[in-house]
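Source: prediction; values computed, not measured. As the structure lists them, so they are numbered: ligands from 1, and atoms in each ligand from 1.
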Amino acid sequence: MPTSFVRGLKCRLCGKMYPKEPLNFCTEDFGPLEVDYDYEAIAEVLSRSKIEMRPENMWRYRELLPIDGEPTVGAQVGGTPLIKADRLAEALGVEKLWVKNDAVNFPTLSFKDRVVSVALSKAREFGFSTVGCASTGNLGNSVAANAAAAGLEAYIFIPADLERSKILGSSIYGAKVVGVTGTYDEVNRLCTQVAFKYGWGFVNINLRPFYAEGSKSMGFEIAEQLGWRVPQHVVVPMAGGSLVGKIPKAFQELAKVGLIEHARCRIYGAQASGCSPISTAVKNGWETHRPVRRPNTIAKSLAIGDPADGYFACKVIRDSGGWAEDVSDQEISEAMVLLGRTEGIFAETAGGVTVAVTRKLIEQGRIPRDEEIVICITGNGLKTQDAVAEYVEAPVIIKPSLEELAALVDGAAREPVLV
Ligand SMILES: *Cc1c(COP(=O)(O)O)cnc(C)c1O
Ligand SMILES: [Zn+2]
């Protein structure tokens with residue numbers, strides 16, 4: 001196995017090169033840094049058949065991921081199903097629809113395991129023994145679990161009002177969970193200071209260039225699972241605005257190294273109306289987003305008022321010919337139920353955002369009904385149960401008797417009992 005095809009880090013604004021180091025911004029203009037690869041060298045060694053022979057996890061695309069040695073964290077992450085969603089397609093009135101289902105990603109049931117496995121493998125290469133993150137929930141769960149398995153100390157910083165399951169889902173792994181009374185943006189600002197003061201590896205701060213690359217694996221998998229080609233439309237939920245840029249980047253890289261013919265695909269961003277800085281910017285034709293001071297939505301995992309990659313998210317959506325939309329909390333809950341009833345997939349609120357936005361874009365005529373659509377489901381509904389509690393029927397309670405059941409089946413005794 002060759003080691004790494006990474007040449008260094010490159011400023012996304014001025015192009016200045018930096019060595020591989022835990023740094024996320026350009027010291028000249030504060031532009032974000034991005035990993036720079038030697039694609040010609042990758043094209044020489046990588047082929048479809050080589051990838052297909054490897055285990056079904058995200059590391060089968062390892063030449064296009066930014067670690068130097070073997071992955072030491074999250075070796076099993078990725079390889080989630082791409083499902084042909086015919087029943088949801090019928091409900092939405094479209095012909096060809098797939099669900100990329102990261103609600104069942106290993107080990108913490110969200111797409112964040114993809115970014116964390118890269119960030120923590122890299123953290124180990126850099127020699128960090130303590131890692132951390134600012135999180136809206138899923139990232140904290142993933143950092144906590146993967147750090148535990150790797151024997152790293154973890155500090156998880158979250159807004160104090162997060163869902164119970166998401167807090168517990170970090171504590172269980174023995175991480176130090178710090179609830180901060182404030183918005184995600186305030187948590188993030190604190191973490192920037194903490195990373196600097198204590199010299200820890202923060203996955204979405206000083207390790208962010210490496211972390212963000214992990215999201216590409218979702219795009220690589222979509223293309224491979226469709227038979228080495230891209231769909232016409234992809235709908236992606238947006239928080240910090242990173243994933244929405246990495247999916248088209250993944251397609252472009254596959255084309256660049258000759259694994260797919262072309263990367264033309266329209267990219268659509270999905271947000272909740274209670275925190276929609278990026279979709280609002282796209283809809284108004286602004287060049288970049290305006291921060292939302294007080295996010296207010298049940299889609300807490302997406303509630304980032306001042307997204308780090310807001311500018312690039314707007315640009316990538318515009319350049320692809322796509323669009324962005326946002327939906328109300330009620331539409332989110334209803335869409336979670338719709339996905340459950342049609343496809344047997346229990347997604348978290350972010351999944352409800354994606355499905356509801358997809359429906360809206362179809363109704364608006366922005367996504368044609370006869371073209372190929374992939375929607376990205378990024379988190380698991382067991383973590384956000386309150387969001388649908390009032391939208392599903394409570395169990396009917398009967399005595400252990402066939403007669404009572406018969407009455408129920410006949411529809412006579414159909415009185416739902418509230419629990
Ligand atoms: C973090 C997250 C996203 C979006 O991530 P960004 O790359 O920050 O835009 C989407 N869905 C879920 C469930 C998440 O946890
Ligand atoms: Zn720069």
Side-chain angles (χ1 to χ4, degrees), residues 9-18 23-34 100-105 108-116 119 133-143 158 162-163 165-166 169-170 184-185 188 203-204 208-209 211-219 235-247 249 267 269-272 275-279 289 297-310 312-314 316-317 324 332 336 347-355 357 375-384 387:
L9 299 176
K10 190 176 183 180
C11 173
R12 291 184 80 178
L13 296 182
C14 72
K16 183 176 173 188
M17 288 292 298
Y18 291 82
L23 180 71
N24 61 322
F25 60 90
C26 173
T27 51
E28 307 281 318
D29 55 15
F30 298 103
L33 301 184
E34 187 172 36
K100 177 60 173 168
N101 187 13
D102 265 17
V104 292
N105 204 9
T108 63
L109 308 178
S110 89
F111 101 93
K112 290 298 198 304
D113 291 319
R114 298 178 183 275
V115 284
V116 168
C133 65
S135 172
T136 56
N138 286 316
L139 182 61
N141 295 172
S142 184
V143 169
I158 50 170
L162 224 52
E163 299 97 335
S165 308
K166 289 216 174 125
S170 290
Y184 172 84
D185 291 311
N188 193 53
V203 302
N204 55 341
R208 190 173 178 89
Y211 152 98
E213 289 293 283
S215 289
K216 291 188 308 191
S217 63
M218 200 166 179
V235 187
V236 188
M238 304 186 290
S242 177
L243 177 65
V244 75
K246 294 299 178 176
I247 291 198
K249 184 180 179 191
I267 305 295
Q271 294 204 294
C275 183
S276 59
I278 305 175
S279 64
H289 71 278
T297 168
I298 56 168
K300 292 179 191 286
S301 60
L302 303 182
I304 296 184
D306 191 7
D309 291 304
F312 294 102
C314 292
V316 83
I317 290 168
I332 293 167
M336 289 168 73
E348 71 149 82
T349 45
V353 169
T354 307
V355 171
V357 163
I375 67 172
C376 295
I377 296 301
T378 48
N380 193 295
L382 291 172
K383 297 190 194 185
T384 61

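- For the pair A239 and ligand 1, the shortest N or O to N or O distance falls below 3.5 Å.
- We find the CD1-CG distance between I304 and N188 to be 7.5 Å, quoted to the nearest 0.5 Å.
- Where the criterion is an N or O separation shorter than 3.5 Å, residue side chain and backbone included, A350 fails it with respect to ligand 1.
- Excluding waters, the protein N/O/S atoms found under 2.8 Å from the Zn ion (ligand 2) are C11 SG, C14 SG, C26 SG, D29 OD1, D29 OD2.
- Residues C11 and D29 meet the side-chain proximity criterion, which asks for heavy atoms closer than 4.5 Å.
- Residue-to-ligand polar distances place N138 within reach of ligand 1: an N/O pair is separated by less than 3.5 Å.
- The contact set between ligand 1 and E348, taken as ligand atoms under 4.0 Å from a residue heavy atom, comprises 13 (C).
- When all heavy atoms of L139 and A134 are compared, the closest pair comes out as CD2-O, 3.6 Å.
- Scanning all heavy atoms of the two residues, the minimum distance from G240 to P307 falls at O-CB, 3.5 Å.
- The neighbour count for K10 NZ, taken as heavy atoms of other residues, nucleotides or ligands under 6.0 Å away, does not exceed 12.
- Listed here is the closest heavy atom pair of L9 and L23: CD1-O, 3.7 Å.
- Polar contact check, L243 against ligand 1: a nitrogen or oxygen pair lies under 3.5 Å apart.
- Residues R12 and D309 form a side-chain contact, since some pair of their non-hydrogen atoms from C-beta on lies under 4.5 Å apart.
- A distance of 10.0 Å separates CD in E348 from CD1 in I298, rounded to the nearest 0.5 Å.
- The environment of CZ in F25 is sparse: at most 12 heavy-atom neighbours from other residues, nucleotides or ligands sit within 6.0 Å.
- Atom-to-atom distance recorded for L109:CG and K383:NZ is 5.5 Å, nearest 0.5 angstrom.
- Annotation: atom 8 (O) of ligand 1 to nearest protein heavy atom, G240 N, 2.8 Å.
- If you number the atoms of ligand 1 from 1 as listed, the ones under 4.0 Å from a heavy atom of S242 come out as 6 (P), 7 (O), 9 (O).
- Annotation: atom 15 (O) of ligand 1 to nearest protein heavy atom, K112 NZ, 2.7 Å.
- Interface atoms of ligand 1 facing L302, defined by a heavy-atom separation under 4.0 Å, are 3 (C), 10 (C), 11 (N).
- Between F111 and S215, the closest heavy-atom pair is CE1-OG, 3.2 Å.
- The proximity of T136 to ligand 1, defined as any non-hydrogen pair under 4.0 Å, does not occur for either the backbone or the side chain.
- The shortest N or O to N or O distance between T378 and ligand 1 is below 3.5 Å.
- At a 4.0 Å cut-off, at least one heavy atom of P237 sits close enough to ligand 1 to count as contact.
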